[in-house]
Every structure is written in C-alpha cells, then in structure tokens.
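Values in this document were obtained by computation on a predicted structure and should not be read as measured data.
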Amino acid sequence: MSERSCSVGTENKLRDGQVESVSAGHSSLYKDSGALMAFRGVPISELKNHGILQALTTETSGWQPGVVNLEVLRAQEEWEVVDTIHPDTESGVSSQQPGQLISFSEALQHFQTLDLSSFKKRIQPTIRRTGLAALRHCLFGPPKLHLDLREERDLVLTIAQCGLDSQDPVHGRVLRTIYKKLTGSKFDCALHGDHWEDLGFQGANPATDLRGAGFLALLHLLYLVMDSKTLLMAQEIFRLSHHHIQQFPFCLMSVNITRIAIQALREECLSRECNRRQKVIPVVNSFYAATFLHLARVWRVQQRTISDSGFVLKDLEVLAKKSPKRLLKTLDVYLAQVSKGQASLLVAQKCSGSRGPHARDLTFTGVCDVQSHSSESAGLI
C-alpha cells in the first residue's frame with residue numbers, strides 16, 4: 001500500500017511540475033498581446049508549425065514528458081493530417097478554382113472519340129417526303145448532300161440526341177465556360193442551381209431544357225461565346241434578353257434556334273452551302289449564329305416581348321429554311337462591321353441588369369409549342 005501511495009504521489013507531483021513548467025515558460029507570451037496577434041492570418045495547415053503550438057508537443061523550457069498522454073498524441077495525429085485533407089469532389093463544383101475554359105473544338109473532339117452508336121440509331125438524317133411533296137423537292141428542291149459529308153452530318157444529328165451528363169467532366173466544363181463568358185465570372189459554379197435561370201434556363205437544371213436539341217444546343221452556345229468574332233454578338237443578345245420590357249430567356253431561345261438549325265439540316269436546306277464549303281459543322285454553326293442575329297434584330301426593332309416568342313420563332317424558322325444564304329450573308333456583313341468597331345445590336349437601347357418583376361410570370365413559347373403551318377415542318381427531333 002505504501003509503495004502504491006508513493007507512486008501515486010510521485011505521479012501527481014510530476015504532473016504538477018509539468019503544468020507549472022509549461023505555465024511558467026509561456027506565461028509571458030500570453031500576457032503579450034503580440035503573441036495572440038501572431039495567430040491572425042496564419043493558415044490552419046500552418047498552425048502546427050507555430051512555435052507556441054510546438055511547445056505543447058515538444059521539449060521546451062525544460063519540460064520533459066514523463067508519461068504518454070493519449071489526448072496529446074491524438075491531437076498531434078489530427079494536426080499531422082491537416083495537409084492531406086482533400087476537397088469534396090461530390091459537391092458538383094470542381095476542385096480546381098477556377099477551372100479551365102473549354103474550346104468548341106475540344107468539346108467536339110470529345111464526342112468524336114466516344115462510341116455514339118446507340119444514339120446514332122435514333123437519328124433520321126433527312127425528312128421523308130411522299131407524293132407531290134417528294135416530286136416538288138426532287139424537281140425544285142436543294143441538291144442532296146455530297147456522300148463524303150454525310151458522316152459529318154450524322155455526327156451533328158447524333159450529338160443532338162445526346163443529353164447533358166453531369167457526371168461527365170467535359171459536359172461540366174462546357175456549361176461553366178458558357179456561364180463564365182456570358183456573366184464575366186472568374187469562378188466555377190455548381191451544375192445545378194438558381195444561377196442558371198439568370199442565363200435563361202427555365203429551372204435549376206439546364207438538362208431539362210434541351211428537348212429536341214440535346215447537347216448540340218450547348219455546343220452551339222459554346223461556339224457563340226468562344227469564337228472571338230461572335231462573342232460580342234452573344235453578349236449583346238444576352239443584354240437584350242435582360243431588357244426591362246423586352247426580356248426573354250436567352251438560353252431557352254438559343255435551344256429553339258438550334259432546333260431550327262437541326263430541322264434545316266434534315267430538310268437539306270443547308271446542303272448547297274455545305275457542298276460549296278465541303279464542310280457541315282462550320283456551316284451549321286454559322287447558320288445558327290446568323291439565325292440568332294436575325295432574331296435579335298427583329299426582337300429589338302419590332303419591340304417584341306416574351307408573349308410574342310412562339311410566333312416570332314415560327315416566322316424565323318420559315319425564313320431561315322427559305323433563305324439560308326441570305327442569313328449567312330447578313331452574318332458575314334455584321335461580323336465585318338464588328339471587326340471595325342461599327343456594329344451594335346443595342347444602339348439607343350437601355351438594358352436593365354435584371355429582369356422585370358413580371359418576367360417569370362410570362363410563358364415562353366418555343367417552336368415545338370406552336371402548331372406548324374405545313375405537314376412537312378411539323379415536329380422537330
């Protein structure tokens with residue numbers, strides 16, 4: 001019993017001695033406000049290297065740990081793993097801040113390397129015509145697309161069958177690039193959230209608005225904002241879409257224009273130009289941009305509002321299919337003026353930074369929601 005009590009007494013003295021040693025050794029530091037100020041601005045991962053904290057776990061001021069304290073060891077282990085903590089990759093925001101922008105060619109190359117055979121089975125490359133419609137098209141219609149260009153055409157239509165996959169890093173980069181270029185943001189954003197409504201999607205998930213156009217709609221937007229020749233046009237149309245009276249959902253309008261481009265391609269309205277250039281994708285991109293430009297000018301000059309959207313788009317579809325060469329020429333003239341600093345869609349227009357209070361209460365009508373005037377153009381992909 002005497003040996004045990006002696007051991008306990010010695011242990012208590014040792015602990016008291018340790019506490020007194022530490023207290024005496026560092027009391028002056030805690031009295032000095034400068035020591036406390038030293039912690040400010042120090043990253044948490046660097047605190048373990050701070051002199052005061054090192055004093056708690058290493059020999060200092062003559063303190064020799066006589067026993068192993070499990071709490072101290074546990075705390076020390078926690079500090080050691082601070083540097084190895086990794087960011088959460090499941091949150092939908094890239095761990096790279098900010099993430100790299102992606103070009104149109106890089107995104108297109110991604111699809112060219114994928115196996116899209118299951119999506120390709122769904123496409124209908126051309127419109128099926130019967131009776132007088134088939135005869136009229138044969139006699140007076142546009143020429144057929146050259147055989148060596150049909151694979152490229154099929155790729156465009158196949159991409160239009162692909163949806164948005166939030167688990168695909170390339171898809172996420174495309175979305176975030178569009179967001180950054182239109183808003184001027186330098187930081188990555190979540191793939192779901194109310195911020196997409198500010199760009200003109202109907203909800204928090206852009207994937208739900210790609211009906212009839214698929215991922216091709218996002219590639220067209222990417223082309224518009226990443227091509228230096230069309231970026232200014234995209235930004236001007238985006239500002240027009242936030243006008244306090246003439247506001248409209250920018251991205252949803254763009255999706256509808258992609259639908260028109262798809263239909264024009266399937267009806268061979270673009271075949272003549274594709275054959276001339278010996279390319280399909282650049283022609284479809286230019287046709288999309290030219291159609292968007294024409295819509296913006298009509299919208300501004302004729303003082304259109306969101307309630308006119310369905311009929312404006314239907315008239316636009318008829319014009320685009322009938323006179324694609326005229327639209328493409330208009331785009332060329334506009335871009336030439338832009339390069340000289342002479343073109344602007346919004347001359348004498350005052351745009352608000354946010355939509356009017358009644359904007360969300362109005363219903364946007366797309367080309368799929370307006371009854372077609374002819375059986376040939378009914379129903380997009």
Inset, instruction - Go through the steps to decide whether Phe248 and Leu240 satisfy the test side chain to side chain contact (heavy atoms under 4.5 Å, CB included), and finish with yes or no. - result: CA-CA 8 Å; Phe248 60 86; Leu240 176 62; 4.1 Å; yes

Inset, instruction - Using the side chain to side chain contact (heavy atoms under 4.5 Å, CB included) rule, take Leu224 and Leu231 through it: C-alpha gap first, then chi angles, then the decisive distance, then the call. - result: CA-CA 6 Å; Leu224 203 65; Leu231 175 59; over 6 Å; no

Inset, instruction - Run the numbers on Val174 and Phe215 for side chain to side chain contact (heavy atoms under 4.5 Å, CB included), then give the verdict. - result: CA-CA 10 Å; Val174 169; Phe215 203 85; 4.0 Å; yes

Inset, instruction - Verify side chain to side chain contact (heavy atoms under 4.5 Å, CB included) between Met233 and Leu293, making sure each step is shown before the conclusion. - result: CA-CA 8 Å; Met233 183 185 85; Leu293 172 64; 3.7 Å; yes

Inset, instruction - List the steps and the verdict of side chain to side chain donor-acceptor pair (under 3.5 Å) for Thr183 and Ser185. - result: CA-CA 5 Å; Thr183 64; Ser185 173; 4.7 Å; no

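Taking the six-membered ring for Trp, Phe292 and Phe250 have ring centres closer than 6.0 Å. In summary, the aromatic rings of Phe111 and His171 are positioned with their centroids under 6.0 Å apart.
Leu155 is listed as a side-chain neighbour of Leu116, based on a closest heavy-atom distance under 4.5 Å. Inter-residue side-chain proximity for Asn205 and Thr208 is flagged as met; some heavy-atom pair is nearer than 4.5 Å. Side-chain contact between Glu197 and Gln202 is absent, with no heavy atoms from C-beta onward closer than 4.5 Å. By the 4.5 Å heavy-atom criterion applied to side chains, Thr177 and Lys180 are not counted as neighbours. Under the 4.5 Å side-chain criterion, counting only non-hydrogen atoms from C-beta, Gln263 is in contact with Lys321. Residues Leu191 and Arg176 have side chains in contact (heavy-atom distance under 4.5 Å, counting atoms from C-beta outward). Within the 4.5 Å cutoff, the side chain of Lys144 has heavy atoms near those of the Arg150 side chain. A 4.5 Å side-chain heavy-atom check between Gln247 and Ser241 finds every atom pair outside the cut-off.
To the nearest 0.5 angstrom, Ser271 atom OG is 7.0 Å from Leu265 atom CG. The CZ atom of Phe311 lies 15.0 Å from the CG atom of Leu316; values are rounded to the nearest 0.5 Å. Here CG of Leu108 is found 5.5 Å from CD1 of Ile159. Values are rounded to the nearest 0.5 Å. In this structure, the separation between CG on Asn285 and NE2 on His220 is 4.5 Å, given to the nearest 0.5 Å. Atom CD1 of Ile237 and atom CE of Met253 lie 10.0 Å apart (nearest 0.5 Å). Here the CG atom belonging to Leu218 is positioned 8.0 Å from the SG atom belonging to Cys251, to the nearest 0.5 angstrom.
Across Phe287 and Ala261, no two heavy atoms sit closer than the pair CE2-CA, 3.6 Å. Minimum heavy-atom separation, Tyr334 to Arg297: CD1-NH2, 3.3 Å. The minimum heavy-atom distance between Ile123 and Pro125, with the atom names listed, is O-CD, 3.7 Å. In this structure, Val225 and Ile178 approach most closely via the heavy-atom pair CG2-CA, 4.3 Å. Annotation for Pro324 and Cys269: closest pair CG-O, 3.5 Å, computed over non-hydrogen atoms. For the residue pair Gly212 and Ile262, the shortest heavy atom distance occurs at O-CD1, 3.6 Å.
Checked against side chain to side chain donor-acceptor pair (under 3.5 Å), Ser254 has the following partners two or more places apart in sequence or in another chain: Tyr288. Among residues two or more places apart in sequence or in another chain, the side chain to side chain donor-acceptor pair (under 3.5 Å) test is passed with Ser103 by Ser105.
Looking at Glu317 and Arg259, no side-chain N of the basic residue comes within less than 4.0 Å of a carboxylate O on the acidic one, giving no salt bridge.
Gln161 contributes no side-chain N or O that, together with a main-chain N or O of Phe119, makes up a donor-acceptor pair within less than 3.5 Å. Between the side chain of Asp209 and the backbone N or O of Leu252 there is no donor-acceptor pair closer than 3.5 Å. Remark: side-chain polar atoms of Trp196 are not paired, donor with acceptor, to backbone N or O of Gly203 under 3.5 angstrom. Remark: the backbone N or O of Ser309 is not paired with any side-chain donor or acceptor of Arg304 at under 3.5 angstrom. Side-chain N or O atoms of Glu151 include none that pairs as donor or acceptor with a backbone N or O of Asp148 at under 3.5 Å. Judged by distance alone, with hydrogens and angles left aside, the side-chain atoms of Arg173 form no donor-acceptor pair with the main-chain N or O of Gly99 at under 3.5 Å. A donor-acceptor distance shorter than 3.5 angstrom exists from the side chain of Trp299 to the backbone of Gln246, with no hydrogens or angles considered. Using a distance-only test at 3.5 Å, with no hydrogens or angles considered, a donor-acceptor pair links the side chain of His243 to the main chain of Ile245. Side chain of His192 to main chain of Ser166: no donor-acceptor pair is present (N/O by atom type, distance under 3.5 Å, no hydrogens or angles).
Between the side chains of Asp168 and His110, at least one donor N or O sits under 3.5 Å from an acceptor N or O. Judged purely by distance below 3.5 Å, without hydrogens or angles, the side chains of Arg272 and Asn275 never pair a donor atom with an acceptor atom.
The cluster map of Ile, Leu, Val, Met, Phe, Trp and Tyr, joined by side-chain heavy atoms under 4.5 Å apart, puts Ile257 and Val298 in different clusters.
Applying the salt bridge (charged side-chain N to carboxylate O under 4.0 Å, His left out) test to pairs two or more places apart or on separate chains, none has a residue in residues 152-166.
No option in Asp227, Leu328, Asp332, Leu335 other than Leu328 meets the side-chain contact (heavy atoms from CB on, under 4.5 Å) test with Ser286.
By the 6.0 Å contact criterion, CZ on Arg277 is enclosed, its count of non-hydrogen atoms from other residues, nucleotides or ligands being greater than 12. Atom CD of Gln278 has more than 12 heavy atoms from other residues, nucleotides or ligands within 6.0 Å.
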